[in-house]
Amino acid sequence: MAPIRDMLSDTGITEQQWRVLRVLSEHGPLDTTTLADRASLLHPSLTRIATTMRGKGLITQTRDKVDRRRQFIAITPDGQKIIDDNADQSARIVADFRRILGEDDFETLLDLLGRLDPGAQD
């Protein structure tokens, strides 16, 4: 995680907030349960993180019109800017992991991590 922490040091966001932004940037608006699963966060943690991120203007949160208990979170232009501004460095970090591990071990790592992700079992 050290390379990710270094990348985020100037952004003012945490690793968990980065994961939320990455998931939203990749998948679009999501309900909170799906977002928590895809960002590998516990739902109560996402609730706390989302409050902070809303305050920073990085996400929006809206209630479902039919089921008022269900909420959706979307990335804002400011949140997307953080993703865009760090895309090259993030890609370099992944390329370094791939180079260090080799292609086969890198793919094995991704497979193993996927097995830990409850959302990947669907």
Side-chain angles (χ1 to χ4, degrees):
M1 288 306 298
I4 301 295
R5 283 187 203 107
D6 290 344
M7 179 185 73
L8 296 177
S9 65
D10 294 332
T11 64
I13 65 169
T14 66
E15 297 161 34
Q16 294 83 6
Q17 292 170 351
W18 172 255
R19 289 200 314 259
V20 168
L21 291 178
R22 291 269 325 255
V23 169
L24 292 172
S25 178
E26 186 175 328
H27 297 285
L30 294 171
D31 66 88
T32 55
T33 301
T34 303
L35 178 57
D37 286 344
R38 289 188 178 171
S40 299
L41 294 167
L42 297 173
H43 200 274
S45 296
L46 176 61
T47 300
R48 178 182 44 78
I49 291 165
T51 299
T52 301
M53 294 178 76
R54 263 194 337 270
K56 292 180 177 184
L58 302 176
I59 62 167
T60 60
Q61 199 164 353
T62 56
R63 292 200 184 277
D64 187 303
K65 290 177 172 66
V66 176
D67 182 352
R68 302 288 293 157
R69 296 167 296 174
R70 191 170 183 208
Q71 295 185 34
F72 288 89
I73 296 179
I75 193 168
T76 65
D78 286 346
Q80 187 62 49
K81 181 171 176 12
I82 290 174
I83 294 295
D84 295 344
D85 289 350
N86 290 280
D88 290 343
Q89 188 172 357
S90 178
R92 282 192 300 275
I93 290 168
V94 171
D96 284 346
F97 290 160
R98 195 179 290 265
R99 179 183 51 77
I100 291 166
L101 293 173
E103 193 63 34
D104 289 342
D105 285 346
F106 182 79
E107 290 302 322
T108 298
L109 175 63
L110 293 180
D111 291 343
L112 291 170
L113 291 171
R115 288 176 45 195
L116 294 174
D117 180 6
Q121 306 298 320
D122 298 341

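All values derive from a computational prediction rather than experimental measurement. Here, residue 1 is the first one in the sequence, and each next residue gets the next number.
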Return the minimal non-hydrogen interatomic distance between [X] and [Y], and the atom names on each side.
X: I13; Y: I82; value: CD1-CG2, 3.8 Å
X: L58; Y: L21; value: O-CD2, 4.0 Å
X: L30; Y: L24; value: N-CD2, 4.2 Å

Heavy-atom donor-acceptor pair, [X] side chain to [Y] backbone, under 3.5 Å:
X: D31; Y: T34; answer: yes
X: T11; Y: M7; answer: no
X: T76; Y: G57; answer: yes
X: E26; Y: V23; answer: no

Would you give the length of the straight line joining atom [atom1] of [X] to atom [atom2] of [Y], rounded to the nearest 0.5 angstrom?
X: D85; Y: S90; atom1: CG; atom2: OG; value: 12.5 Å
X: I4; Y: S9; atom1: CD1; atom2: OG; value: 11.5 Å
X: I73; Y: T62; atom1: CD1; atom2: OG1; value: 9.0 Å
X: D6; Y: Q89; atom1: CG; atom2: CD; value: 8.0 Å
X: D64; Y: F72; atom1: CG; atom2: CZ; value: 5.0 Å
X: R48; Y: Q16; atom1: CZ; atom2: CD; value: 7.5 Å

Step-by-step side-chain contact (heavy atoms from CB on, under 4.5 Å) determination, W18 to I83
CA-CA 8 Å; W18 172 255; I83 294 295; 3.7 Å; yes
Do S25 and Q80 have side-chain N/O donor and acceptor atoms under 3.5 Å apart?
yes
Is it the case that D105 and T108 place a side-chain donor and acceptor less than 3.5 Å from each other?
no
Tell me if the CZ atom of R98 is crowded by more than 12 foreign heavy atoms within 6.0 Å.
yes
Tell me if the NZ atom of K81 is crowded by more than 12 foreign heavy atoms within 6.0 Å.
no
T14/T52 under side-chain contact (heavy atoms from CB on, under 4.5 Å): CA gap, chis, key distance, verdict
CA-CA 11 Å; T14 66; T52 301; over 6 Å; no
Single hit among R69, R70, K65, R63 for salt bridge (charged side-chain N to carboxylate O under 4.0 Å, His left out) with D67
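Answer to the salt bridge (charged side-chain N to carboxylate O under 4.0 Å, His left out) test with D67 among R69, R70, K65, R63: R69.
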side-chain contact (heavy atoms from CB on, under 4.5 Å), that's the test. Do R19 and R38 meet it? Break it down for me.
CA-CA 9 Å; R19 289 200 314 259; R38 289 188 178 171; over 6 Å; no
Side chain proximity check, H43 to T33, heavy atoms < 4.5 angstrom
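When only atoms from C-beta onward are counted, T33 and H43 do touch, with a gap below 4.5 Å.
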Any T32 side-chain heavy atom under 4.5 Å of Q61 side chain
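Yes - at least one pair of side-chain heavy atoms lies under 4.5 Å apart.
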